[in-house]
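Scroll down for the structure; my scribbles are underneath it.
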Amino acid sequence: MGTIKECELKIMTPGPVQVRENVRMARSIKTTNPDIDTSFVEEYKETCDKIATLLHTSGQVYILSGEGILGLECACASLTEQGDRVLVIDNGIYGHGFADFVSLYGGNPVLYQKDYRRTIDVEELRVYLENDHDFKYATVVHNDTPSGMTNDVMAIGKVLHEFGILSVVDSVSAMGGEELHIDEGKLDIVCGGSQKVISAPPGLTIVAVSHRAMRAMESRKTNVASFYCNLLNFKTYYEDKWFPYTMPISDIYGLKVAVENMLAEPELVNRHKKIASAVRKALTKGGLRLYGENGYSNTVTVFYVPDKVTDQEILSYMKEKFHIMLAGSFGHLKGKVIRIGHMGENANVEDVEEVLDALYQTLLHFHVEVKEEFTKSFRDNFI
Ligand SMILES: *Cc1c(COP(=O)(O)O)cnc(C)c1O
């Protein structure tokens, strides 16, 4: 039998990220039959409750088997009925992508298109809604990972709520690394993924569902056009001790420990903030240019590929010479920018300094002028 080769790279990408040993160990413990053994239902519920604590919500949290995208599709599938108008807040690649899910389930997406380099201006949104607020729900991305920009979803959620519009939030790459108080922000369905800040391997999606969203689903006139993506199927899992499909038990054991790791750290968001801010200062002092004009993310930094070198040259050299994996981007940003993922387990001084030093050496190798050594200004600015 062949053996699996252990990963020798430092994965400093904006998800998946490095996974702590206690999470990896939890994924290897002996498992029961999660369909029949009710002790698993308790484990599942405890994990969901811990996530609810982390996200400050009194609503329900569900863990579904599938990557982050599944949560986004579930939200749209479960809320949309034929002809529903849905406001798709579009200031980035993921924001735009929601329109497809809305259409797929018969909704009518109305794009609210804004500059991809700037966060959503909440007052501008309010003015727009004063003229037109006939929407069943609105979709918005918390942290647009390809561009490294974070929208103030709590402020957006409050405005939408004033106009009686439900909100669906893609917080996949933000959850845990940015402020997120679901109840206070009046947010309705908030999606997360196991492989981003949460720092477990990919495979699970998290959906937090408000009481309002649950009522909206229950009062549908037509059935949800999906089984796997129907959130109503999870509603009575605890009472019935029954899941719509067999739960990936090892993934959930791992997730529980990952969430416990997060809850054990009161300064979690602050750690992300400090690292992100020092990384940005280091790169800009060195002469690199950040993508985006405001709303810089706590979890990922995106900078333009300098002249005289390509993204692939930098990424390959970093990988081969320093065993560090960074990421390029996609869509309209393909080839133009490079992304450093400093989320979850990646957001620590040692790893980030290692990345910055390797990046510095790499740029020198390609004859790119760097005005100030990144690690020096990182240290000077890390407070
Ligand atoms: C990672 C991520 C997802 C999940 O998408 P994958 O491409 O399947 O990893 C969804 N939304 C955002 C903003 C993400 O960063």
Side-chain angles (χ1 to χ4, degrees), residues 11-19 55 62-77 88-102 104 114 116-117 119-120 138-154 156-157 167-180 187 189-208 228-229 248 251 255 258 272 276 291-292 295-302 325-334 337-347:
I11 306 296
M12 294 299 285
T13 52
V17 299
Q18 303 178 81
V19 177
L55 304 179
Y62 304 112
I63 303 159
L64 316 179
S65 177
E67 206 281 324
I69 291 289
L70 175 68
L72 315 183
E73 182 165 353
C74 280
C76 295
V88 173
I89 298 179
D90 171 15
N91 67 329
I93 292 172
Y94 278 98
H96 189 83
F98 262 118
D100 293 339
F101 292 128
V102 172
L104 209 54
K114 291 284 149 185
Y116 274 25
R117 285 185 182 78
T119 56
I120 292 299
T139 62
V140 62
V141 174
H142 195 176
N143 180 52
D144 185 65
T145 331
S147 64
M149 194 178 59
T150 302
N151 284 314
D152 185 350
V153 290
M154 285 163 56
I156 293 169
S167 51
V168 168
V169 181
D170 172 353
S171 184
V172 175
S173 67
M175 187 178 277
E178 307 278 353
E179 293 303 339
L180 183 54
L187 302 171
I189 300 187
V190 180
C191 306
S194 54
Q195 82 280 25
K196 304 280 167 97
V197 182
I198 295 169
S199 300
L204 296 177
T205 196
I206 287 158
V207 275
Y228 220 75
C229 287
D251 290 351
L255 180 71
H272 284 85
Y291 181 81
Y296 298 109
S297 164
N298 281 348
T299 60
V300 52
T301 293
V302 181
M325 184 183 272
L326 299 183
S329 197
F330 46 91
H332 67 105
L333 293 174
K334 188 173 163 57
V337 297
I338 286 180
R339 301 181 296 158
I340 303 175
H342 37 72
M343 55 178 80
E345 285 298 291
N346 289 3

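Index from 1, following the sequence. Remember, it's 1-based here, ligands and their atoms both numbered in the order they're listed. Please read all numbers here as calculations on a predicted model, not as lab measurements.
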message: I need the contact type for Asn143 against ligand 1. Using non-hydrogen atoms and a strict under-4.0 Å cut-off, is it side chain, backbone, both or neither?
response: backbone
task: List the steps and the verdict of side-chain contact (heavy atoms from CB on, under 4.5 Å) for Leu64 and Val207.
output: CA-CA 8 Å; Leu64 316 179; Val207 275; 4.0 Å; yes
field: Residue, atom name and distance, where the atom is the protein heavy atom closest to atom 8 (O) of ligand 1
entry: Glu67 OE1, 2.5 Å
query: For ligand 1, is any non-hydrogen atom under 4.0 Å from His142's backbone (N, CA, C, O), its side chain (CB onward), both, or neither?
result: neither
query: Does any non-hydrogen side-chain atom of Tyr228 lie less than 4.5 Å from one of Leu70?
result: yes
field: Atom indices of ligand 1, in the order listed, that fall short of 4.0 Å to a heavy atom of Thr145
entry: 12 (C), 13 (C), 14 (C), 15 (O)
field: 4.5 Å side-chain heavy-atom contact, Met149 and Asn91
entry: yes
- request: Please determine, by modelled atom types, if Thr150 and Asn143 share a side-chain donor-acceptor pair under 3.5 angstrom.
  value: yes
query: Do His332 and Ile93 come within less than 4.5 Å of each other through their side chains, counting heavy atoms only?
result: yes
message: To check you understand the geometry: which heavy-atom pair defines the closest contact between Ser194 and Pro201, and what is its length?
response: OG-O, 2.8 Å
message: Return the closest protein heavy atom for atom 11 (N) of ligand 1 as residue, atom name and distance.
response: Asp170 OD2, 2.6 Å
message: Return the closest protein heavy atom for atom 14 (C) of ligand 1 as residue, atom name and distance.
response: Lys196 NZ, 3.0 Å
task: Please report the closest heavy-atom contact between Ile198 and Ala258, naming both atoms and the distance.
output: O-CB, 3.4 Å
query: Can you tell me the protein heavy atom closest to atom 7 (O) of ligand 1 and the distance?
result: Tyr94 OH, 3.2 Å
message: At less than 4.0 angstrom from any non-hydrogen atom of Gln195, what atoms of ligand 1 do you find?
response: 9 (O)
Atoms of ligand 1, numbered as shown, that sit under 4.0 Å from any heavy atom of Ile69: 4 (C), 5 (O), 8 (O)
